[in-house]
A.B. asks: 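Before I ask anything, here is the structure I am working with.
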Amino acid sequence: MKTSNYLVTAFLVFFLGIILAMQIDSKLYEPTEKIRRKIERNYKSVLILKRISKDKAITSKDWKQFIKTADSLTTKETVFPKEIVGQALVVYNNYDKFKDVDALKKVISWCKMAYEKEPNYPKLNRVYADALFQLGDTEKAIFHMKIALKKSSKPKSKKYYKKRLKVFNEARDLQNKI
């Protein structure tokens, strides 16, 4: 099974867990119809995520709904760093198809919340660094990629992190010359 499939599976489990938690918690406080609509909306987002992960075409409307739902489900209380990586990677790898820089900004906000809980998680720092770099924050990108490199134990990952860190450093050097 590919790593991307694991990430998508992890994210789906995260989403379904949130949906279940929302359903259980909200039954005490919300009318039934409101609960049904919330679950239905979240389920649609899971279906959209499945289509994205299988490289199937999705509409801009579906993308916006997915981002909106993912963002509403991602709070300081509900963020789990390992699950956020999957969610953030899906958005990071697809935001340019929809020219959605705001979605990339949400990736940064999700990563920031997750970073506060687990600052030494290499994959989280890698995604955080890549998103920061795409938005032009080279210094923070370098900082987070260094953490990813330092904390990673996998040779293949370390190789990738070194390569990205080199790109970030070259970009910073070029910016400094201008």
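Each residue takes its place number in the sequence, starting with 1. Only a predicted model underlies this, so the values are computations on that prediction, with no experimental measurement involved. Any value given below was found using the heavy atoms of this structure, including those in side chains, with hydrogens, waters and symmetry copies removed.
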A.B. asks: Can you tell me how far apart NZ (Lys64) and OG1 (Thr69) are? Round to the nearest 0.5 Å.
C.D. replies: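 Spacing of NZ (Lys64) from OG1 (Thr69) equals 14.0 Å.
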A.B. asks: What verdict does the side-chain contact (heavy atoms from CB on, under 4.5 Å) test give for Glu118 and Lys82, after you've listed the backbone C-alpha separation in whole Å, the side-chain angles of each residue and the deciding distance to 0.1 Å?
C.D. replies: CA-CA 9 Å; Glu118 199 170 331; Lys82 289 177 175 58; 3.2 Å; yes
A.B. asks: Run the side-chain contact (heavy atoms from CB on, under 4.5 Å) test against Lys150 and tell me which residues pass, sequence neighbours left out.
C.D. replies: none
A.B. asks: Tell me, please, which residues at least two apart from Asp100 pass salt bridge (charged side-chain N to carboxylate O under 4.0 Å, His left out).
C.D. replies: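 For Asp100 there are no salt bridge (charged side-chain N to carboxylate O under 4.0 Å, His left out) partners, ignoring immediate neighbours.
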A.B. asks: Roughly how far, to the nearest 0.5 Å, is the CZ atom of Phe98 from the CD1 atom of Ile67?
C.D. replies: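 One finds 9.0 Å between CD1 of Ile67 and CZ of Phe98.
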A.B. asks: Scan for salt bridge (Lys or Arg N to Asp or Glu O under 4.0 Å) pairs involving residues 159-170, sequence neighbours excluded, and state none if there are none.
C.D. replies: Asp130-Arg164
A.B. asks: Taking ring-ring contact (aromatic ring centres under 6.0 Å, His included) as the cut-off, I'd like each qualifying pair that reaches into residues 137-178, sequence neighbours left out, listed once.
C.D. replies: Tyr115-His144, Tyr128-His144, Phe133-Phe168
A.B. asks: Which value, rounded to the nearest 0.5 Å, describes the distance between Lys106 atom NZ and Lys68 atom NZ?
C.D. replies: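 The NZ atom of Lys68 is 10.5 Å from NZ of Lys106, to the nearest 0.5 Å.
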A.B. asks: Given 3.5 Å as the limit, does a donor-acceptor pair link the side chain of Asn125 with the main chain of Pro119, or not?
C.D. replies: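 Looks like yes, one N/O pair under 3.5 Å.
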A.B. asks: Between NZ of Lys112 and CG of Leu132, what distance do you get to the nearest 0.5 Å?
C.D. replies: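 Output value for this atom pair is 10.0 Å.
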A.B. asks: Answer whether the closest heavy-atom distance between the side chains of Val90 and Phe66 falls below 4.5 Å.
C.D. replies: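 Yes, at least one pair of side-chain atoms sits under 4.5 Å.
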A.B. asks: What residues, two or more places apart in sequence or in another chain, satisfy side-chain contact (heavy atoms from CB on, under 4.5 Å) together with Lys158?
C.D. replies: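 For Lys158 the side-chain contact (heavy atoms from CB on, under 4.5 Å) partners, ignoring immediate neighbours, are Leu149, Ser152.
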A.B. asks: Output all residues satisfying side-chain contact (heavy atoms from CB on, under 4.5 Å) with Asp96, sequence neighbours left out; order by chain, then residue number.
C.D. replies: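 Not a single residue meets the side-chain contact (heavy atoms from CB on, under 4.5 Å) criterion with Asp96.
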A.B. asks: Quick one: pull up CG in Asn120 and CD1 in Ile147 and give me the separation to the nearest 0.5 Å.
C.D. replies: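 Reported value, rounded in 0.5 Å steps: 7.0 Å.
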A.B. asks: Measuring from Gln65:CD to Ser60:OG, what's the distance to the nearest 0.5 Å?
C.D. replies: 12.0 Å
A.B. asks: Once side-chain contact (heavy atoms from CB on, under 4.5 Å) is applied, do any residues pair with Ser109, and if so which ones, sequence neighbours excluded?
C.D. replies: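 Expected list: Met113.
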A.B. asks: Does a donor on one side chain sit under 3.5 Å from an acceptor on the other, for Trp63 and Asn94?
C.D. replies: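 Side chains of Trp63 and Asn94: no pair found under 3.5 Å.
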A.B. asks: Do Tyr92 and Val85 have side chains that approach each other closer than 4.5 Å (heavy atoms only, starting at C-beta)?
C.D. replies: no
A.B. asks: Do Val127 and Cys111 come close enough that some side-chain heavy atom pair is under 4.5 Å?
C.D. replies: yes
A.B. asks: Quick one: salt bridge (charged side-chain N to carboxylate O under 4.0 Å, His left out) partners of Lys151, sequence neighbours excluded?
C.D. replies: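 None.
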A.B. asks: Among the clusters formed by ILVMFWY side chains lying less than 4.5 Å apart, do Leu135 and Val167 turn up in the same one?
C.D. replies: no
A.B. asks: Could you give all pairs that pass the side-chain hydrogen bond (donor to acceptor under 3.5 Å, both in side chains) test and reach residues 134-143, with sequence neighbours left out?
C.D. replies: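 For residues 134-143, and leaving out neighbouring residues, the side-chain hydrogen bond (donor to acceptor under 3.5 Å, both in side chains) pairs sorted by first residue read Tyr95-Gln134, Thr138-Gln175.
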A.B. asks: Is the closest side-chain heavy-atom distance between Ile84 and Thr74 below 4.5 Å?
C.D. replies: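 Result yes, sub-4.5 Å side-chain heavy-atom pair found.
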A.B. asks: Mind listing the closest non-hydrogen atom pair of Tyr121 and Pro81 along with its distance?
C.D. replies: CE2-O, 4.0 Å
